[in-house]
Amino acid sequence: MTAIGSSHIKKICKSILICLLGGMIMFGFFGCKDKNKDQSEDSTVTKYKVNYDNKSWYENAKDEYAADEEVELYYSIIATDTDYSFTLDGGPLNYSYDDDKGFVIRFTMPEHDVTLKCISKNSMVYEPPTEQEDVLLIDSYHAIVGTDGGDGYDEISVYTNDQDTVRLNVYHQQGDGAEVETVYLVPYEVVDKCYEIIGKYKLREWKTRQDTVSLDGALMVCKFKDDDLYVRVSSEKMPEDGEAAFTEIENLLKCYVKDEYLAQDE
């Protein structure tokens, strides 16, 4: 057997060491590349703010959420002599109750910043009973004007009814004909969807905008409750995409004009 020289052994060891070192460098390089890639992908996700009236009141609350992300919050600061309600962007927000977590608030994050508020009222304060009509939440009006015998209008008014439903009063008038009214009781979800569109097109800001246009041949109006006030916008002063906002709200409301939701005469 031929003996291996010490110089030859050193060369073999050196080759092995170089291979190991090269492998570690390549692993580190590609590992960093993948990590940076993941960070880059995460940074491309646009998130939107939730403006809380007081963030500390809500458990599980984050400052920002991605569009279409399901938000779930818990409100446990509950007094026995107080009534509570919640609004999102000024519109009523449904909620449930859990014995361990308190009020459970859920909504889908829209593609814009939102404002969440808790409204509390002392139920122990005596208030004289009054006859109170249902509250108007949203009104959509679309009139055709300036045509030869074809003028008319469609209007849908959304009123409070109970915790689970709202009342849709649908009005239609064409030419010289009489106005026809039909009443529907529809799921409350229609209100939340309308306020999502209102936020999407930033209808609250239209009054202060300067870059507005006017629609010819038709008049479109949207009026909605915003906390204790009402906001009214019309196609007489709207941004370039304003007609799309009116149409989207009108089409959404018409989706609930179905025989199955017809109100039964008492």
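- When each of Val190, Val191, Val186 is tested with Tyr188 by the rule side-chain contact (heavy atoms from CB on, under 4.5 Å), just one qualifies, namely Val191.
- If you chain together hydrophobic residues whose side chains sit under 4.5 Å apart, Leu116 and Tyr97 fall into the same group.
- A tilted orientation is assigned to the rings of Tyr58 and Tyr52, their planes being inclined by 30° to 60°.
- Here Glu72 pairs with Arg106 in a salt bridge; the nearest charged N to carboxylate O distance falls below 4.0 Å.
- Classification of Glu248 and Lys200 as a salt-bridged pair holds, one side-chain N sitting under 4.0 Å from a carboxylate O.
- Looking only at distances, a side-chain donor or acceptor of Thr160 sits under 3.5 Å from a matching main-chain atom of Val135.
- The pair Asp63-Lys55 counts as a salt bridge, with a side-chain nitrogen and a carboxylate oxygen less than 4.0 angstrom apart.
- The 12-atom threshold is not exceeded at CG of Asp68, counting heavy atoms of other residues, nucleotides or ligands nearer than 6.0 Å.
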Apply the test side-chain hydrogen bond (donor to acceptor under 3.5 Å, both in side chains) to residues Glu189 and Tyr256: give CA-CA distance (whole Å), side-chain angles for both, the deciding distance (0.1 Å), then the verdict.
CA-CA 10 Å; Glu189 66 186 29; Tyr256 290 83; 2.7 Å; yes
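- No hydrogens or angles considered: a donor-acceptor pair under 3.5 Å links the side chains of Thr108 and Glu70.
- Donor-acceptor pairing under 3.5 Å is recorded for the side chains of Tyr153 and Glu179.
- In this structure, Arg209 does not pair ionically with Glu205, as no charged nitrogen and carboxylate oxygen lie closer than 4.0 Å.
- No side-chain N or O of Asp154 forms a donor-acceptor pair with one of His142 less than 3.5 Å apart.
- Remark: Arg167 engages Asp134 in a salt bridge, criterion side-chain N to carboxylate O under 4.0 Å.
- Under 3.5 Å, the side chains of Ser140 and Glu155 contain no donor-acceptor pair of N or O atoms.
- Side-chain atoms of Asp113 come within 3.5 Å of backbone atoms of Lys49 as a donor-acceptor pair (strictly under, hydrogens ignored).
- In terms of modelled atom types and a separation under 3.5 Å, the side chain of Tyr141 and the main chain of Leu219 share no donor-acceptor contact.
- Thr165 and Asn161 form a side-chain donor-acceptor contact under 3.5 Å, judged by distance and modelled atom types alone.
- When each of Tyr74, Phe86, Tyr84 is tested with Tyr95 by the rule ring-ring contact (aromatic ring centres under 6.0 Å, His included), just one qualifies, namely Phe86.
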